[in-house]
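Right, one structure below, let's go through it.
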Amino acid sequence: SGFQLTTSATTLSLKEKNGADAFGIFSGFSFKGLRNLIYGVNFIGKDRTVNVYLTDDSVLKLLEGKVYSGNVNIDDLRTSTEVKIDMEYGSLKAKGFEGGSSLDISIKEGNVDIEKSTFTKLKASLDKGYLFLDGAKAEDIDADIKKGYFKYITGDFNLESAVLTLKSEEGKVRYLDDIYESGSFSQGMQYVGTSVTQIIIDVSVADGNIMITKQ
């Protein structure tokens with residue numbers, strides 16, 4: 001089925017075409033200066049903010065945001081919705097992002113800070129910037145950074161059951177207490193049974209460093 005979009009002064013509402021509410025997909029989109037957007041008036045130098053609220057039981061499959069210049073903040077989001085962010089210039093900060101979701105980030109120039117979040121898959125591609133994870137958990141981490149660094153503070157997250165491939169072409173790789181001057185580290189492990197969740201971490205940095213540490 002499809003959805004229809006209606007607007008008021010501060011809210012965008014999504015409903016199914018048959019008139020029913022869209023199963024609580026959004027509690028609201030709020031735009032700062034929405035009327036400027038609706039009537040096509042440009043106010044140079046003024047910030048515009050878009051707030052997206054998702055309920056815990058949202059049935060939305062994909063939330064995709066495209067930003068030319070600006071910042072994205074994800075706070076206390078518990079949903080299975082896949083989130084995809086594509087930006088030219090800006091940064092992304094996430095905290096308390098949980099619910100078995102996946103996060104796909106592509107940034108030309110900017111940074112990513114993720115704290116205390118859980119994903120099924122985290123994928124990040126940065127031309128210039130850093131990816132910093134603090135207490136984040138993911139079954140699959142795939143990061144590709146051209147110039148910058150990758151830092152992962154695992155906290156109490158156990159990486160003994162992980163398969164890691166870390167490579168920095170022009171930098172150092174630090175895995176826990178070991179530092180690899182050659183810029184590469186690989187650890188593959190085989191398991192018997194299905195009780196252990198296999199964690200995959202694949203990070204590549206062309207110019208910069210990689211660090212995985214407990215603190």
Side-chain angles (χ1 to χ4, degrees), residues 62-77 79 81-159 162-187 198-215:
L62 171 65
L63 174 62
E64 184 173 7
K66 293 188 177 182
V67 179
Y68 176 77
S69 178
N71 299 312
V72 175
N73 294 304
I74 301 174
D75 296 312
D76 298 322
L77 179 61
T79 178
T81 301
E82 177 185 354
V83 177
K84 185 175 183 180
I85 304 296
D86 187 353
M87 66 172 64
E88 292 286 318
Y89 305 97
S91 298
L92 182 143
K93 293 185 178 181
K95 183 177 181 181
F97 186 6
E98 300 178 356
S101 180
S102 65
L103 177 60
D104 189 334
I105 309 163
S106 178
I107 301 178
K108 183 175 181 180
E109 185 171 335
N111 305 315
V112 178
D113 291 271
I114 299 177
E115 181 181 353
K116 296 178 181 177
S117 298
T118 302
F119 311 94
T120 54
K121 182 175 179 61
L122 171 61
K123 183 177 181 180
S125 176
L126 285 73
D127 283 359
K128 184 178 180 180
Y130 66 76
L131 174 57
F132 179 35
L133 308 177
D134 187 358
K137 303 178 182 180
E139 296 175 14
D140 188 346
I141 297 176
D142 184 356
D144 187 358
I145 302 171
K146 289 185 172 61
K147 187 174 184 179
Y149 69 85
F150 175 90
K151 184 175 181 180
Y152 184 14
I153 300 177
T154 63
D156 60 355
F157 188 26
N158 187 1
L159 290 179
V163 176
L164 301 104
T165 301
L166 312 174
K167 181 180 181 182
S168 176
E169 295 178 7
E170 298 185 29
K172 298 178 181 178
V173 172
R174 176 180 175 181
Y175 176 61
L176 302 180
D177 295 328
D178 298 322
I179 298 177
Y180 298 85
E181 298 289 345
S182 62
S184 63
F185 170 82
S186 184
Q187 169 185 305
Q198 183 169 310
I199 303 162
I200 299 172
I201 299 177
D202 189 345
V203 178
S204 177
V205 178
D207 185 0
N209 301 316
I210 295 174
M211 176 185 291
I212 294 183
T213 180
K214 290 184 178 179
Q215 59 182 356

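Just so you know, these numbers use all the heavy atoms, side chains as well, and skip hydrogens, waters and symmetry mates. Predicted model only: the values in this text are computed from it and were never measured.
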- Task: Starting at CG of D144, measure out to CG of L126 and round the result to the nearest 0.5 Å.
- Result: 9.0 Å

- Item | Any side-chain heavy-atom pair of K121 and D142 under 4.5 Å | yes

- Considering only heavy atoms from C-beta outward, does the side chain of I199 approach that of E139 to under 4.5 Å? no

- Value for CG (D177) from OG1 (T213), rounded to nearest 0.5 Å, stands at 7.0 Å

- Query: Are the side chains of L122 and D140 in touch, meaning some heavy atoms are under 4.5 Å apart?
  - Reply: no

- Looking only at heavy atoms, which two atoms of G148 and V205 are closest? And how far apart? O-CG1, 3.8 Å

- Non-hydrogen atoms of V173 and S184 that approach each other most closely: CG2-N, 3.9 Å

- Do any N or O atoms from the side chain of N71 and from the backbone of S91 form a donor-acceptor pair under 3.5 angstrom? yes

- Just how far is it from atom NZ of K151 to atom CD1 of I212, taken to the nearest 0.5 Å? 12.5 Å

- Side-chain heavy-atom pair Y149, L131 within 4.5 angstrom cut-off: no

- Item | Heavy-atom closest pair, residues K214 and I153 | O-CG2, 3.7 Å

- Fit a plane to each ring of Y180 and F185, take the angle between them on a 0 to 90° scale, and name the class: parallel (under 30°), tilted (30 to 60°) or perpendicular (over 60°). tilted

- Minimum heavy-atom distance between V72 and M87, given as atom pair plus value: CG2-CE, 3.4 Å

- Task: Inspect the contact between K146 and D127 and indicate whether a charged nitrogen and a carboxylate oxygen are less than 4.0 angstrom apart.
- Result: yes

- S168 side-chain N/O to G208 backbone N/O, donor-acceptor pair under 3.5 Å: yes

- Between OG on residue S182 and NZ on residue K172, distance to nearest 0.5 Å: 11.5 Å

- Would a 4.5 Å heavy-atom cut-off, applied to side chains only, mark F132 and V112 as touching? no

- Identify the heavy atoms of S186 and T165 that sit nearest to each other, and give their distance. OG-OG1, 4.0 Å

- Taking atom CZ of R174 and atom CD of E181, what is their separation to the nearest 0.5 Å? 12.5 Å

- Task: Evaluate the side-chain proximity of I114 to F119: yes if any heavy-atom separation is below 4.5 Å, no if none is.
- Result: yes

- Task: Drop me the distance from Y152's OH to D134's CG, to the nearest 0.5 angstrom.
- Result: 10.0 Å

- Message: Just so I know, are the side chains of L133 and I141 near enough to count as touching, which here means a heavy-atom distance under 4.5 Å?
- Response: yes

- Query: What pairs meet the side-chain hydrogen bond (donor to acceptor under 3.5 Å, both in side chains) rule with one or both residues in residues 104-120, with sequence neighbours excluded?
  - Reply: D113-Y130

